[in-house]
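In the text below, chain A, chain B and the rest are named by the order of the sequence lines, each starting its count at 1.
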2 protein chains.
Amino acid sequence: MKTTVASSGLPADVYSAKCPTRQVLDHIAGKWTVLIVDSLLDGTLRYTELFRRIEGVSQKMLTQTLRLLEADGFVTRTVHPTVPPRVEYGLTELGRSLAGPISALREWTEAHINDIEQARSARPADQRATP
Amino acid sequence: MKTTVASSGLPADVYSAKCPTRQVLDHIAGKWTVLIVDSLLDGTLRYTELFRRIEGVSQKMLTQTLRLLEADGFVTRTVHPTVPPRVEYGLTELGRSLAGPISALREWTEAHINDIEQARSARPADQRATP
DNA sequence: CAGTATCCGCGACGATACTG
DNA sequence: CAGTATCGTCGCGGATACTG
(Lines give C-alpha, C1' and ligand atoms only; values in the text may rest on other atoms or scores of the structure.)
Protein backbone atom coordinates (compact mmCIF):
# COMPACT_ATOMS: atom_id res chain seq x y z
CA MET A 1 0.00 0.00 0.00
CA LYS A 2 1.35 3.37 -1.02
CA THR A 3 0.69 6.34 1.21
CA THR A 4 0.23 9.83 -0.16
CA VAL A 5 1.56 12.67 1.95
CA ALA A 6 -1.41 14.93 2.62
CA SER A 7 0.60 18.14 2.87
CA SER A 8 2.34 17.74 -0.46
CA GLY A 9 0.21 15.33 -2.45
CA LEU A 10 3.36 13.39 -3.28
CA PRO A 11 3.87 9.69 -2.51
CA ALA A 12 5.60 8.88 0.79
CA ASP A 13 9.14 7.82 -0.07
CA VAL A 14 12.05 7.78 2.36
CA TYR A 15 14.48 7.63 -0.56
CA SER A 16 13.45 11.09 -1.63
CA ALA A 17 15.55 13.68 0.21
CA LYS A 18 12.72 16.19 0.33
CA CYS A 19 10.02 13.82 1.56
CA PRO A 20 8.99 14.49 5.17
CA THR A 21 9.29 10.76 5.86
CA ARG A 22 13.04 11.18 5.59
CA GLN A 23 13.19 13.56 8.52
CA VAL A 24 10.95 11.31 10.57
CA LEU A 25 13.25 8.41 9.81
CA ASP A 26 16.16 10.48 11.11
CA HIS A 27 14.33 10.96 14.39
CA ILE A 28 13.26 7.35 14.70
CA ALA A 29 16.65 6.01 13.74
CA GLY A 30 18.40 7.77 16.60
CA LYS A 31 19.89 5.50 19.21
CA TRP A 32 18.25 7.28 22.14
CA THR A 33 14.87 7.09 20.43
CA VAL A 34 15.08 3.33 20.22
CA LEU A 35 15.97 2.99 23.89
CA ILE A 36 13.35 5.46 25.11
CA VAL A 37 10.44 4.12 23.09
CA ASP A 38 11.35 0.56 23.97
CA SER A 39 11.53 1.49 27.66
CA LEU A 40 8.05 2.95 27.67
CA LEU A 41 6.47 -0.09 26.10
CA ASP A 42 5.86 -1.66 29.50
CA GLY A 43 4.21 1.43 30.95
CA THR A 44 4.88 5.03 31.87
CA LEU A 45 8.14 6.02 33.49
CA ARG A 46 9.32 9.10 35.34
CA TYR A 47 12.16 11.24 34.06
CA THR A 48 14.66 9.91 36.55
CA GLU A 49 13.60 6.33 35.94
CA LEU A 50 14.37 6.75 32.25
CA PHE A 51 17.62 8.49 33.11
CA ARG A 52 18.80 5.63 35.28
CA ARG A 53 17.58 2.90 32.98
CA ILE A 54 19.30 4.19 29.87
CA GLU A 55 22.96 4.09 30.81
CA GLY A 56 25.16 6.66 29.17
CA VAL A 57 22.49 9.15 28.19
CA SER A 58 23.05 12.74 29.34
CA GLN A 59 20.28 14.86 30.80
CA LYS A 60 20.50 17.06 27.78
CA MET A 61 20.02 14.28 25.25
CA LEU A 62 17.28 12.63 27.26
CA THR A 63 15.27 15.84 27.51
CA GLN A 64 15.95 16.77 23.91
CA THR A 65 14.92 13.39 22.56
CA LEU A 66 11.82 13.28 24.74
CA ARG A 67 10.76 16.71 23.44
CA LEU A 68 11.29 15.55 19.88
CA LEU A 69 9.25 12.41 20.42
CA GLU A 70 6.55 14.48 22.05
CA ALA A 71 6.43 16.87 19.10
CA ASP A 72 6.17 13.98 16.66
CA GLY A 73 3.23 12.62 18.64
CA PHE A 74 4.89 9.45 19.95
CA VAL A 75 5.20 10.29 23.62
CA THR A 76 2.96 11.94 26.21
CA ARG A 77 4.27 14.09 29.01
CA THR A 78 2.15 14.39 32.13
CA VAL A 79 3.11 16.82 34.85
CA HIS A 80 1.72 16.18 38.31
CA PRO A 81 1.66 19.53 40.14
CA THR A 82 3.02 18.13 43.36
CA VAL A 83 6.11 19.03 45.28
CA PRO A 84 8.52 17.69 44.43
CA PRO A 85 7.30 17.59 40.83
CA ARG A 86 6.46 14.28 39.21
CA VAL A 87 6.59 13.92 35.42
CA GLU A 88 5.39 10.76 33.76
CA TYR A 89 6.28 9.81 30.21
CA GLY A 90 4.19 7.35 28.26
CA LEU A 91 3.45 6.28 24.72
CA THR A 92 0.60 7.60 22.62
CA GLU A 93 -1.34 5.21 20.44
CA LEU A 94 0.92 6.23 17.59
CA GLY A 95 3.92 5.62 19.82
CA ARG A 96 2.75 2.14 20.73
CA SER A 97 2.33 1.40 17.06
CA LEU A 98 5.92 2.51 16.51
CA ALA A 99 7.16 0.52 19.46
CA GLY A 100 6.56 -2.75 17.59
CA PRO A 101 9.20 -2.20 14.88
CA ILE A 102 11.48 -0.42 17.36
CA SER A 103 11.46 -3.25 19.88
CA ALA A 104 11.97 -5.73 17.09
CA LEU A 105 15.20 -3.92 16.31
CA ARG A 106 16.38 -4.08 19.92
CA GLU A 107 15.49 -7.75 20.18
CA TRP A 108 17.20 -8.54 16.92
CA THR A 109 20.39 -6.84 18.09
CA GLU A 110 20.47 -8.70 21.38
CA ALA A 111 19.69 -12.01 19.69
CA HIS A 112 22.39 -11.73 16.99
CA ILE A 113 25.24 -10.10 18.88
CA ASN A 114 27.32 -13.26 18.82
CA ASP A 115 26.95 -13.65 15.06
CA ILE A 116 28.08 -10.07 14.64
CA GLU A 117 31.08 -10.34 16.95
CA GLN A 118 32.10 -13.47 15.09
CA ALA A 119 31.83 -11.68 11.74
CA ARG A 120 33.96 -8.87 13.14
CA SER A 121 36.76 -11.08 14.34
CA ALA A 122 36.76 -13.38 11.32
CA ARG A 123 37.28 -10.49 8.94
CA PRO A 124 37.58 -12.18 5.54
CA ALA A 125 39.45 -10.71 2.58
CA ASP A 126 37.43 -9.13 -0.21
CA GLN A 127 35.41 -11.59 -2.17
CA ARG A 128 36.59 -11.52 -5.74
CA ALA A 129 34.41 -12.86 -8.46
CA THR A 130 36.16 -15.31 -10.78
CA PRO A 131 35.57 -14.08 -14.36
CA MET B 1 14.96 -15.68 25.28
CA LYS B 2 18.03 -14.13 26.82
CA THR B 3 21.28 -14.16 24.90
CA THR B 4 24.66 -14.34 26.59
CA VAL B 5 27.48 -12.45 24.95
CA ALA B 6 30.15 -15.03 24.25
CA SER B 7 33.08 -12.63 24.56
CA SER B 8 32.13 -11.34 27.99
CA GLY B 9 29.83 -13.95 29.47
CA LEU B 10 27.41 -11.16 30.39
CA PRO B 11 23.79 -11.03 29.27
CA ALA B 12 23.10 -9.05 26.10
CA ASP B 13 21.50 -5.77 27.16
CA VAL B 14 21.31 -2.63 25.04
CA TYR B 15 20.57 -0.57 28.14
CA SER B 16 24.02 -1.28 29.48
CA ALA B 17 26.47 1.29 28.17
CA LYS B 18 29.33 -1.18 28.03
CA CYS B 19 27.47 -4.01 26.30
CA PRO B 20 28.61 -4.52 22.70
CA THR B 21 24.96 -4.60 21.64
CA ARG B 22 24.85 -0.88 22.34
CA GLN B 23 27.46 -0.14 19.71
CA VAL B 24 25.73 -2.38 17.21
CA LEU B 25 22.49 -0.54 17.87
CA ASP B 26 24.28 2.72 17.10
CA HIS B 27 25.33 1.35 13.72
CA ILE B 28 21.95 -0.11 12.91
CA ALA B 29 20.07 2.96 14.03
CA GLY B 30 21.87 5.23 11.58
CA LYS B 31 19.70 6.71 8.88
CA TRP B 32 21.94 5.64 6.03
CA THR B 33 22.04 2.09 7.36
CA VAL B 34 18.28 1.80 7.17
CA LEU B 35 18.19 3.05 3.60
CA ILE B 36 21.09 0.91 2.40
CA VAL B 37 19.95 -2.35 3.97
CA ASP B 38 16.41 -1.79 2.80
CA SER B 39 17.66 -1.08 -0.73
CA LEU B 40 19.57 -4.34 -0.92
CA LEU B 41 16.61 -6.44 0.15
CA ASP B 42 15.47 -6.86 -3.46
CA GLY B 43 18.89 -7.94 -4.70
CA THR B 44 22.44 -6.75 -5.17
CA LEU B 45 23.14 -3.23 -6.34
CA ARG B 46 26.20 -1.48 -7.69
CA TYR B 47 27.82 1.43 -5.92
CA THR B 48 26.41 4.00 -8.29
CA GLU B 49 22.97 2.47 -8.18
CA LEU B 50 22.91 2.86 -4.41
CA PHE B 51 24.29 6.38 -4.74
CA ARG B 52 21.53 7.42 -7.10
CA ARG B 53 18.76 5.65 -5.26
CA ILE B 54 19.50 7.15 -1.85
CA GLU B 55 18.99 10.85 -2.45
CA GLY B 56 21.10 13.15 -0.35
CA VAL B 57 23.81 10.70 0.65
CA SER B 58 27.38 11.82 -0.03
CA GLN B 59 29.99 9.51 -1.52
CA LYS B 60 31.83 9.66 1.76
CA MET B 61 28.92 8.57 3.91
CA LEU B 62 27.84 5.89 1.45
CA THR B 63 31.30 4.33 1.37
CA GLN B 64 31.78 4.72 5.10
CA THR B 65 28.44 3.13 5.96
CA LEU B 66 28.97 0.30 3.48
CA ARG B 67 32.36 -0.46 5.06
CA LEU B 68 30.79 -0.49 8.49
CA LEU B 69 28.01 -2.82 7.41
CA GLU B 70 30.59 -5.03 5.77
CA ALA B 71 32.66 -5.20 8.96
CA ASP B 72 29.60 -6.10 11.00
CA GLY B 73 28.84 -8.92 8.59
CA PHE B 74 25.63 -7.52 7.10
CA VAL B 75 26.80 -6.71 3.61
CA THR B 76 28.96 -8.44 1.01
CA ARG B 77 31.18 -6.57 -1.39
CA THR B 78 32.05 -8.27 -4.64
CA VAL B 79 34.59 -6.73 -6.98
CA HIS B 80 34.48 -7.81 -10.61
CA PRO B 81 37.95 -7.26 -12.04
CA THR B 82 36.71 -5.75 -15.26
CA VAL B 83 37.38 -2.39 -16.75
CA PRO B 84 35.66 -0.23 -15.82
CA PRO B 85 35.37 -1.86 -12.38
CA ARG B 86 32.06 -3.26 -11.24
CA VAL B 87 31.34 -3.60 -7.54
CA GLU B 88 28.21 -5.35 -6.35
CA TYR B 89 26.81 -4.98 -2.86
CA GLY B 90 24.46 -7.55 -1.40
CA LEU B 91 23.15 -8.81 1.90
CA THR B 92 24.64 -11.70 3.84
CA GLU B 93 22.31 -14.13 5.54
CA LEU B 94 22.75 -12.10 8.70
CA GLY B 95 21.97 -8.96 6.73
CA ARG B 96 18.78 -10.45 5.32
CA SER B 97 17.73 -11.34 8.82
CA LEU B 98 18.31 -7.74 9.85
CA ALA B 99 16.47 -6.42 6.82
CA GLY B 100 13.14 -7.60 8.25
CA PRO B 101 13.06 -5.26 11.24
CA ILE B 102 14.77 -2.51 9.22
CA SER B 103 12.24 -2.58 6.41
CA ALA B 104 9.42 -2.68 8.94
CA LEU B 105 10.73 0.63 10.25
CA ARG B 106 10.77 2.18 6.78
CA GLU B 107 7.30 0.89 6.01
CA TRP B 108 5.95 2.12 9.31
CA THR B 109 7.32 5.59 8.65
CA GLU B 110 5.81 5.82 5.21
CA ALA B 111 2.49 4.46 6.44
CA HIS B 112 2.15 6.84 9.38
CA ILE B 113 3.57 10.06 7.99
CA ASN B 114 0.18 11.74 7.91
CA ASP B 115 -0.53 10.91 11.55
CA ILE B 116 2.82 12.41 12.47
CA GLU B 117 2.38 15.58 10.46
CA GLN B 118 -1.03 16.00 12.04
CA ALA B 119 0.44 15.59 15.52
CA ARG B 120 3.07 18.18 14.67
CA SER B 121 0.62 20.82 13.51
CA ALA B 122 -1.94 20.19 16.24
CA ARG B 123 0.63 20.77 18.99
CA PRO B 124 -1.42 20.49 22.17
CA ALA B 125 -0.55 22.18 25.46
CA ASP B 126 1.03 20.07 28.18
CA GLN B 127 -1.33 17.56 29.68
CA ARG B 128 -1.77 18.35 33.32
CA ALA B 129 -3.08 15.72 35.65
CA THR B 130 -5.93 16.87 37.85
CA PRO B 131 -4.92 16.06 41.43
C1' DC C 1 33.18 3.27 -12.40
C1' DA C 2 34.20 3.26 -7.77
C1' DG C 3 36.20 4.91 -5.05
C1' DT C 4 40.37 8.03 -1.95
C1' DA C 5 42.07 12.28 -0.11
C1' DT C 6 41.69 16.58 2.05
C1' DC C 7 39.67 20.45 4.08
C1' DC C 8 36.70 22.40 7.26
C1' DG C 9 32.26 24.22 9.32
C1' DC C 10 28.85 23.42 12.34
C1' DG C 11 25.88 21.05 15.02
C1' DA C 12 25.62 16.99 18.07
C1' DC C 13 26.84 15.82 22.38
C1' DG C 14 28.88 15.72 27.08
C1' DA C 15 30.08 18.13 31.45
C1' DT C 16 29.00 21.23 34.71
C1' DA C 17 26.40 24.53 37.20
C1' DC C 18 22.20 26.47 38.47
C1' DT C 19 16.75 26.71 39.45
C1' DG C 20 11.43 26.41 40.22
C1' DC D 1 12.62 16.05 41.12
C1' DA D 2 12.94 17.57 36.69
C1' DG D 3 14.59 20.07 34.37
C1' DT D 4 17.24 24.79 32.02
C1' DA D 5 21.54 27.26 30.86
C1' DT D 6 26.04 27.63 29.30
C1' DC D 7 30.28 26.32 27.50
C1' DG D 8 33.54 23.65 24.98
C1' DT D 9 35.01 19.94 21.79
C1' DC D 10 34.89 16.56 18.67
C1' DG D 11 33.85 14.21 14.88
C1' DC D 12 29.93 13.89 11.56
C1' DG D 13 29.21 14.89 7.30
C1' DG D 14 29.24 17.93 3.04
C1' DA D 15 32.12 19.88 -0.76
C1' DT D 16 35.64 19.43 -3.79
C1' DA D 17 39.42 17.47 -6.13
C1' DC D 18 42.04 13.63 -7.56
C1' DT D 19 43.04 8.36 -9.06
C1' DG D 20 43.45 3.15 -10.45
Side-chain angles (χ1 to χ4, degrees), chain A residues 16-18 22-36 39-40 44-72 75-90 125-129 131, chain B residues 17-18 22-23 25-36 39-40 44-72 75-90 125-129 131:
Chain A
S16 168
K18 302 155 300 308
R22 175 67 77 85
Q23 187 194 356
V24 171
L25 190 65
D26 292 356
H27 295 175
I28 290 175
K31 64 172 166 175
W32 302 128
T33 299
V34 174
L35 294 171
I36 290 173
S39 290
L40 297 177
T44 67
L45 288 176
R46 302 178 61 175
Y47 181 85
T48 316
E49 291 172 333
L50 280 167
F51 186 65
R52 276 196 295 259
R53 175 162 190 181
I54 301 171
E55 282 184 24
V57 72
S58 62
Q59 283 196 341
K60 180 178 174 180
M61 287 316 296
L62 181 56
T63 301
Q64 188 173 307
T65 309
L66 282 168
R67 294 287 184 276
L68 202 66
L69 295 175
E70 201 188 351
D72 281 348
V75 159
T76 60
R77 179 174 180 269
T78 309
V79 180
H80 300 265
T82 59
V83 49
R86 179 185 185 85
V87 180
E88 301 265 9
Y89 290 94
D126 287 357
Q127 282 187 350
R128 302 204 166 263
Chain B
K18 302 155 302 305
R22 175 67 76 85
Q23 188 192 357
L25 189 65
D26 291 356
H27 295 175
I28 289 175
K31 62 172 170 176
W32 301 129
T33 300
V34 173
L35 295 171
I36 290 173
S39 290
L40 296 177
T44 67
L45 288 175
R46 302 177 62 173
Y47 182 85
T48 318
E49 291 172 333
L50 280 168
F51 186 65
R52 277 195 295 259
R53 173 161 190 182
I54 301 173
E55 283 184 23
V57 73
S58 62
Q59 282 196 342
K60 179 179 174 180
M61 288 315 296
L62 181 56
T63 301
Q64 189 173 305
T65 308
L66 283 168
R67 293 286 182 277
L68 201 67
L69 295 175
E70 200 188 352
D72 282 347
V75 159
T76 60
R77 177 172 180 271
T78 308
V79 180
H80 300 264
T82 57
V83 47
R86 179 185 184 86
V87 181
E88 302 264 8
Y89 291 94
D126 287 355
Q127 282 187 351
R128 299 201 168 265

J.: Taking OP1 and OP2 of D/dC1, is either one under 4.0 Å from a side-chain nitrogen or oxygen of A/Y89?
T.: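 Answer is no, no contact under 4.0 Å.
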J.: Reading nucleotides 13-20 of chain D from the 5' end, what letters show protein touch, with B for base, S for backbone sugar-phosphate only, - for no heavy atom under 4.0 Å?
T.: BB--B--B
J.: To the nearest 0.5 Å, what is the distance between OG1 on A/T76 and OH on A/Y89?
T.: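 Result: 10.0 Å between the selected atoms.
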J.: Between C/dG3 atom C1' and B/F51 atom CZ, what is the distance in whole Å?
T.: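 The answer, rounded to whole Å, is 11 Å.
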J.: When rounded to the nearest 0.5 angstrom, what is the spacing between CD in A/E70 and OG1 in A/T63?
T.: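 Nearest 0.5 Å value for the CD-OG1 distance: 11.0 Å.
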J.: Reading DNA chain C 5' to 3', how would its secondary structure be written in dot-bracket notation, given Watson-Crick and G-U pairs with both distances under 3.5 Å, brackets [ ] for crossing pairs and | for partners on other strands?
T.: ||||||||||||||||||||
J.: Enter the distance from B/L66:CG to B/M61:CE here, rounded to the nearest 0.5 Å.
T.: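 So the gap between those two atoms works out to 10.5 Å.
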J.: Roughly how many Å is it from CG in A/L45 to P in D/dA2, rounded to a whole number?
T.: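 Checked: the CG to P distance equals 11 Å.
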J.: Does the side chain of A/Y47 get closer than 4.0 angstrom to OP1 or OP2 of D/dT4 through an N or O atom?
T.: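 No, no such contact exists.
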J.: For the pair made of CG in B/L50 and P in C/dA2, what is the distance, rounded to whole Å?
T.: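 Taking atom P of C/dA2 as the reference, CG of B/L50 is at 10 Å.
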J.: For the pair made of NE2 in B/H27 and C1' in D/dC12, what is the distance, rounded to whole Å?
T.: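 So the NE2-C1' distance, B/H27 to D/dC12, works out to 13 Å.
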J.: Check whether any side-chain N or O of A/R67 sits under 4.0 Å from OP1 or OP2 of D/dG3, and answer yes or no.
T.: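 Yes, such a contact exists.
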J.: Measuring from atom NZ of B/K60 to atom OG1 of B/T65, what distance do you get when rounded to the nearest 0.5 angstrom?
T.: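 Atom-to-atom, B/K60:NZ and B/T65:OG1 are 11.0 Å apart.
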J.: Are side-chain heavy atoms of A/T78 and A/H80 found at a separation under 4.5 Å?
T.: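 With C-beta onward as the side chain, the pair touches.
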J.: Atom CD1 of A/I54 and atom NZ of A/K31: how far apart are they, to the nearest 0.5 Å?
T.: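 Rounded to the nearest 0.5 Å, the CD1-NZ separation comes to 11.0 Å.
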J.: Calculate the interatomic distance between A/R52 atom CZ and D/dA2 atom P; express it in whole Å.
T.: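 Spelled out: CZ on A/R52 to P on D/dA2 is 9 Å.
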J.: Return no unless some side-chain N or O of B/R86 is found under 4.0 Å from OP1 or OP2 of C/dA2.
T.: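 False: B/R86 side-chain N/O out of range (4.0 Å or more) of C/dA2 OP1/OP2.
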J.: Are any side-chain N or O atoms of A/R22 and backbone N or O atoms of B/E55, one a donor and one an acceptor, separated by less than 3.5 Å?
T.: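 Pair found, side chain donor or acceptor close to backbone of B/E55.
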J.: So, OP1 or OP2 of C/dA2: does either fall under 4.0 Å of a side-chain N or O from B/R77?
T.: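 No, because none of the side-chain N or O atoms of B/R77 sits under 4.0 Å from OP1 or OP2 of C/dA2.
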J.: Using side-chain heavy atoms (C-beta onward) and a distance below 4.5 Å, is A/L35 in contact with A/L50?
T.: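 Of all side-chain heavy-atom pairs linking A/L50 with A/L35, none is under 4.5 Å.
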J.: Using a 4.5 Å cut-off on heavy atoms from C-beta on, say whether the side chain of B/I36 contacts that of B/L62.
T.: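 Yes. Closest side-chain heavy atoms under 4.5 Å.
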J.: Roughly, in whole Å, what's the span from CD in A/E55 to C1' in C/dC13?
T.: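 Distance check: A/E55 CD to C/dC13 C1' gives 18 Å.
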J.: Answer yes or no: does a side-chain N or O of B/R46 lie under 4.0 Å from OP1 or OP2 of C/dA2?
T.: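 For C/dA2, OP1/OP2 do have a side-chain N/O of B/R46 under 4.0 Å.
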